[in-house]
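First the structure, in the form of structure tokens, and then the observations on it.
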2 protein chains.
Amino acid sequence: MTALHERIRRDIESRILSGEMMPGDRLPIEHDLMAEYGCSRMTVNKAISALAAAGLVNRKRKAGTFVAAPKAHAMVLDIPDLAHEIQESGQKYRYRLLHREICNAGKVDSSLEIEGDVLWTVGVHIADGKPFAHESRAVSLTAVPEIDDAVFDPDSPGTWLLKHVPWTEAETAISATAVSDREARALGVADNTACLSLIRRTWRSGEHITAVRQLFLGDSYTLVARFGASA
Amino acid sequence: MTALHERIRRDIESRILSGEMMPGDRLPIEHDLMAEYGCSRMTVNKAISALAAAGLVNRKRKAGTFVAAPKAHAMVLDIPDLAHEIQESGQKYRYRLLHREICNAGKVDSSLEIEGDVLWTVGVHIADGKPFAHESRAVSLTAVPEIDDAVFDPDSPGTWLLKHVPWTEAETAISATAVSDREARALGVADNTACLSLIRRTWRSGEHITAVRQLFLGDSYTLVARFGASA
DNA sequence: TAGTGGTCTAGACCACACA
DNA sequence: GTGTGGTCTAGACCACTAC
């Protein structure tokens, strides 16, 4: 038994997603939907408000409720967790630490855009013995002083951070780049191979916690973003 | 004057996003929030339900409402519209059609994964006279027969489709690749330059409308996905 | 079993935008 | 003015589940 407001929402949503109702079409007014479903206005309002929050419809006083034009930007991007993803597919995951150093952020890859004293780590993510991704990470020692005591060979610094330091904001920048010679060696590929570069920065109440740059081989890793098909 | 339920939602949201409340912490029960804000239970419920819908809290009967652990996957990806983006930055946008053909989908780049008879177009997006992105697109003639009459030199096929054929579902796959010699010539770059590849497919009520593969120079184009900072 | 959220009602007044 | 959504109330009963 699904809730009535949920049934109303799905009814209308499916009419929109199926193309039966086109962008710009006007929905019945709340009063008519009350009659149609035999319920109170609050229930109808809850259903339509949910659609409005999801961006499927626009509501205007006096004018009514209209099917919105789908927005191509603002898709939902699924960024899988490396260790989890690999283990799910039945492969054996491991992180291999290549470099670890306490230093000033100025010494680290400038694309990470972090400041102050940091713990800088470089390593590779390995699936069934095969290098899968290269990672260069800086963790702010001001924000996370206790990370100095952590050990990173079975688990990656990312896993350690997830367990110990919750973040409240994150940003991921995606671009393509050719691997440098050092990175190519670590990954076991030819120089200048095309790689997908993910730079992720996380904050906690405005304070920068960590920045990481991960390189994936271009032909073996794909990110997918979706819009629609919420059913 | 903001609505009361909105004020309650923001109050609690800011306590979570600031890190004042940690994942796992329990929120006050609805009855206590009623007293705190001097309102009815429906109003409190609307505020907390919105937080639950946004994934910031988890609600459990008998147990209470708890701050959720932030999910790294499911970030919001902003995919800018090419023509719009370029014109906003004060540059002059143009699309140059390189190839146009009615053919069977089998002849087109297999990565587009489309079937049946299609209109296949290849072209480049140009900003201030400089090639910016390479595009190969297939449009289903079954779904959009009228596209045969369209002209694509001032506007791109994507722009035409946006105006004429609303879609209901979309998927974007992001990867990195080295450009082929033909693509490199069209873009005016060296062979094997690392590029960001976006493959987007759109549907309308389950029917495949179009698939497009766009290549961007790796060092001049970045996608950004965000989590948090909803204020 | 009892505490908590999930849902719903039948009203009410207000704010806005179009006529 | 008038029609539409925006918000809110003061209850009610139910469903789940941790205790």
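Chain letters run A, B, ... following the sequence lines, proteins first and then strands; every chain starts at 1. Everything quoted here is computed from the prediction, not taken from an experiment. We use all heavy atoms of the structure for the numbers below, so side chains are in, but hydrogens, waters and symmetry mates are not.
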Can you find a side chain N or O atom of B/Arg61 that sits less than 4.0 Å from OP1 or OP2 on C/dG6?
no
I want to check one thing: is the phosphate of C/dT4, taken as OP1 and OP2, less than 4.0 Å away from some side-chain N or O of B/Arg26?
yes
Going by heavy atoms in the side chains, are A/Leu223 and B/Leu223 under 4.5 Å from each other?
no
Between A/Glu135 and A/Arg96, does at least one N-O distance fall below 4.0 Å, as a salt bridge requires?
no
CD1 of B/Ile8 versus P of D/dT9: gap in Å, rounded?
9 Å
For B/Met42 and C/dT7, give me the distance from atom CE to atom P, rounded to whole Å.
10 Å
Position toward the 5' end of DNA chain C (nearest nucleotide), B/Arg59 or A/Lys60:
B/Arg59
Have a look at B/His31 and say if it touches a base, only the backbone sugar-phosphate, or nothing, with a 4.0 Å heavy-atom cut-off.
nothing
Can you check the B/Glu6 CD to D/dG6 P distance for me, whole Å?
13 Å
Find out whether A/Ile86 and A/Phe132 are in side-chain contact, i.e. whether some heavy atom of one side chain is under 4.5 Å from a heavy atom of the other.
yes
The residue, B/Thr43 or B/Lys62, whose nearest nucleotide of DNA chain D is more 5′ is B/Thr43
Separation of B/Leu4 atom CG from D/dA10 atom C1', in whole Å?
15 Å
When both distances are under 3.5 Å in a Watson-Crick or G-U wobble arrangement, the nucleotide paired with C/dA19 is none
Within the structure provided, determine whether B/Met75 and A/Ile79 are in side-chain contact (heavy-atom separation under 4.5 Å).
yes
Touch check for A/Thr65, heavy atoms < 4.0 angstrom, all strands: base, sugar-phosphate only, or nothing?
sugar-phosphate
B/Asn45 CG to C/dT7 C1': how many Å, rounded?
9 Å
Could you state the atom-to-atom distance from CZ of B/Arg41 to C1' of C/dG3 in whole Å?
11 Å
Are B/Asp155 and B/Lys163 close enough for a salt bridge, meaning some N to O gap below 4.0 Å?
yes
Does A/Ile48 reach a base, just sugar-phosphate, or nothing at all? Heavy atoms under 4.0 Å.
nothing
Atom NE2 of B/His5 and atom C1' of C/dC14: how far apart are they, to the nearest Å?
14 Å
Using atom NZ of A/Lys46 as one end and atom P of C/dG5 as the other, report the distance to the nearest whole Å.
13 Å
